[in-house]
Amino acid sequence: MSFSAQYFTFPRLYEINPLSYNHCVAIFPGLFEDPIRAQSFWTARHGISRADIDNINMVDGMARVAIYQGRLYILKALARGEDHRRKILGILATTHRSLISAPQLAAILDTEFVFSVEDKVEDVAGPDHPLWVLARKATEESVWLMPDFGFWSWGHIDSQIGPYDEVVKLVKDHELPWEEKKDKLVWRGKLSFAPKLRRTLLEVVRHYTWDDVKEVEWKNMANFLSMENHCDYRFIAHVEGRSYSASLKYRQACRSVLVAHKLQYIQHHHYLLVSSGPQQNFVQVERDWTDLPEKMKELLDNPLKARMIADNSVNVFRERYLTPAADASYCRALLQGWAAASLDITETMSDPTKAPNRGIRYESFILLDPSSMLRFGA
């Protein structure tokens, strides 16, 4: 059977298919824009040297890893408590999944890189380091974007969200038909994250009949709304937090219209957001929300357009670009782009389990006592 992009459709993309790079490009056009951008940035500056990553000051929330003969090794991992540890494990697990699902392990060059699970680049490094991060500003060109830890699984100690594919299954099993959804704009969150953005939203929507925007009071769970219950609404507001907001992917699991202010932080799949035209998959408003009432009136007055935007969002994100197959394909493309821009690192690689690194295979690292992971290799 000859290859066809149509062959790999939902729900097959929720399986981890051993897709070649050419297949990934055919199925997920536009997904690999940031690795291409970062590779071009560093290639124009004569590439990334081993000294470049050696000069990265390792702090809590960061890990240094190696890919050697197609396997993942942890050289150093620094975590400030359970939150950091879980996020680091999520990134490691996603990377491991992308490796073991690769059709040709030998095609992945030996390399090393450092990643951070902190919200902002400036929290851990200067603007010129070749660091793997969860989000970046447009001006932070030296960094490489990776999918966030929640695509593997996420949950706080007392509130488990679970693997992303389970969230999608739960949504699909319980989501209301479009005709039965509430004709309102919903948002739940903490005002302490980006208080100006979030308080302004509450002020702007006040007194409108389509308003269901509320602060969650976590002490008594007042106004709490589960992820899947957000899908009961036709319109879902998205607001950045301290930097990016990891909740975006969960909101994109709903067949609803995402309404977002102009975003300051870029995640790996943001290149696929379309704010106008027949392929529109979200609605963009100003950062001060001043045009939100006007945009909501347009959506409420034109339900066919609103339904089109919601359908486009599901087709692009939930059923294609945010699937495990897309996640694994992106990670492999990220590794390939990184290796192409850091040949000096590949050429100076040695067995990561030997001195001076004394690294450990991923499969063994995850068996360590949690306390041993917090300062591994320090």
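Since we're looking at a predicted model, the values are computed, not measured.
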Evaluate the side-chain hydrogen bond (donor to acceptor under 3.5 Å, both in side chains) criterion for residues T111 and W338: first the C-alpha distance (whole Å), next the side-chain angles of each, then the deciding distance (0.1 Å), finally the verdict. CA-CA 8 Å; T111 192; W338 168 267; 3.0 Å; yes
May I have the step-by-step check of salt bridge (Lys or Arg N to Asp or Glu O under 4.0 Å) for R318 and D165, ending in yes or no? CA-CA 9 Å; R318 185 176 86 187; D165 61 331; over 6 Å; no
Report the C-alpha distance between M58 and L78 in whole Å, list the side-chain angles of each, state the deciding distance to 0.1 Å, and finish with yes or no for side chain to side chain contact (heavy atoms under 4.5 Å, CB included). CA-CA 8 Å; M58 296 281 292; L78 303 177; 4.0 Å; yes
Between W42 and S342, is a side chain to side chain contact (heavy atoms under 4.5 Å, CB included) present by the stated rule, with each step listed? CA-CA 8 Å; W42 281 101; S342 58; over 6 Å; no
Kindly determine whether H96 and Y362 satisfy ring pair (Phe, Tyr, Trp, His ring centres under 6.0 Å), including the steps that lead there. CA-CA 8 Å; H96 174 69; Y362 166 78; 4.5 Å; yes
Using the rule given for salt bridge (Lys or Arg N to Asp or Glu O under 4.0 Å), can you reason through E175 versus R255, listing the C-alpha separation, both sets of side-chain angles and the distance that settles it, and then say yes or no? CA-CA 8 Å; E175 189 168 22; R255 192 179 294 273; 5.1 Å; no
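Side chains of R234 and K182 form no contact here, defined as non-hydrogen atoms less than 4.5 Å apart. Taking 4.5 Å as the limit, every side-chain heavy atom of D183 sits out of range of all side-chain heavy atoms of Y233. Within the 4.5 Å cutoff, side-chain heavy atoms of R307 are placed close to those of D311. At a threshold of 4.5 Å between non-hydrogen side-chain atoms, the residues K190 and E215 do not count as touching. Proximity of K137 to E122: side-chain heavy atoms (C-beta onward) are separated by under 4.5 Å at one or more points. At least one side-chain heavy atom of P147 sits less than 4.5 Å from a side-chain heavy atom of Y330. The closest side-chain heavy-atom distance from V283 to L299 is below 4.5 Å. Looking at K181 and D232, their side chains never come closer than 4.5 Å, going by heavy atoms from C-beta outward.
Within 6.0 Å of CZ on F41 lie more than 12 heavy atoms contributed by other residues, nucleotides or ligands. The local environment of OH in Y271 is crowded, with over 12 non-hydrogen atoms from other residues, nucleotides or ligands closer than 6.0 Å.
Using a cut-off of 4.0 Å between Lys/Arg side-chain N and Asp/Glu carboxylate O, K87 and E118 are scored as not salt-bridged. A salt bridge is defined here as a Lys NZ or Arg NE, NH1 or NH2 lying under 4.0 Å from an Asp or Glu carboxylate O, and R85 with E82 meets this definition. Between D123 and R242 there is a salt bridge, since a side-chain N of the basic residue sits under 4.0 Å from a carboxylate O of the acidic one. Comment: R37 does not engage E141 in a salt bridge, judged by the lack of any side-chain N to carboxylate O separation of less than 4.0 angstrom. Classification of R64 and E112 as a salt-bridged pair holds, one side-chain N sitting under 4.0 Å from a carboxylate O. Salt-bridge check for E319 with K172: passed, with a basic side-chain N closer than 4.0 Å to an acidic carboxylate O.
With hydrogens and angles left out, the side-chain atoms of D288 and T290 include a donor and acceptor closer than 3.5 Å. Looking at H238 and Q252, their side chains never bring a donor and an acceptor atom within 3.5 Å of each other. No donor-acceptor contact under 3.5 angstrom links the side chains of R97 and S101, judged on distance only. There is a side-chain donor-acceptor pair under 3.5 Å between T348 and R50.
Between F365 and F376, the ring-plane angle classifies as perpendicular under the 30° and 60° cut-offs. Aromatic ring pairs are classed by plane angle as parallel below 30°, tilted from 30° to 60° and perpendicular above 60°; the pair W210 and Y208 is parallel.
Side chain of T43 to backbone of Q39: a donor-acceptor contact under 3.5 angstrom is found. One N or O on the side chain of S142 and one on the backbone of H129 form a donor-acceptor pair closer than 3.5 Å.
Between H268 and the choices W144, F28, F151, F32, the ring pair (Phe, Tyr, Trp, His ring centres under 6.0 Å) rule is met once, by F151.
Taking K169 as the reference, D173 meet the salt bridge (charged side-chain N to carboxylate O under 4.0 Å, His left out) condition, with sequence neighbours excluded.
Sorted by first and then second residue, the pairs that involve residues 368-378 and meet side chain to side chain donor-acceptor pair (under 3.5 Å), not counting sequence neighbours, are D60-R375, D369-S371.
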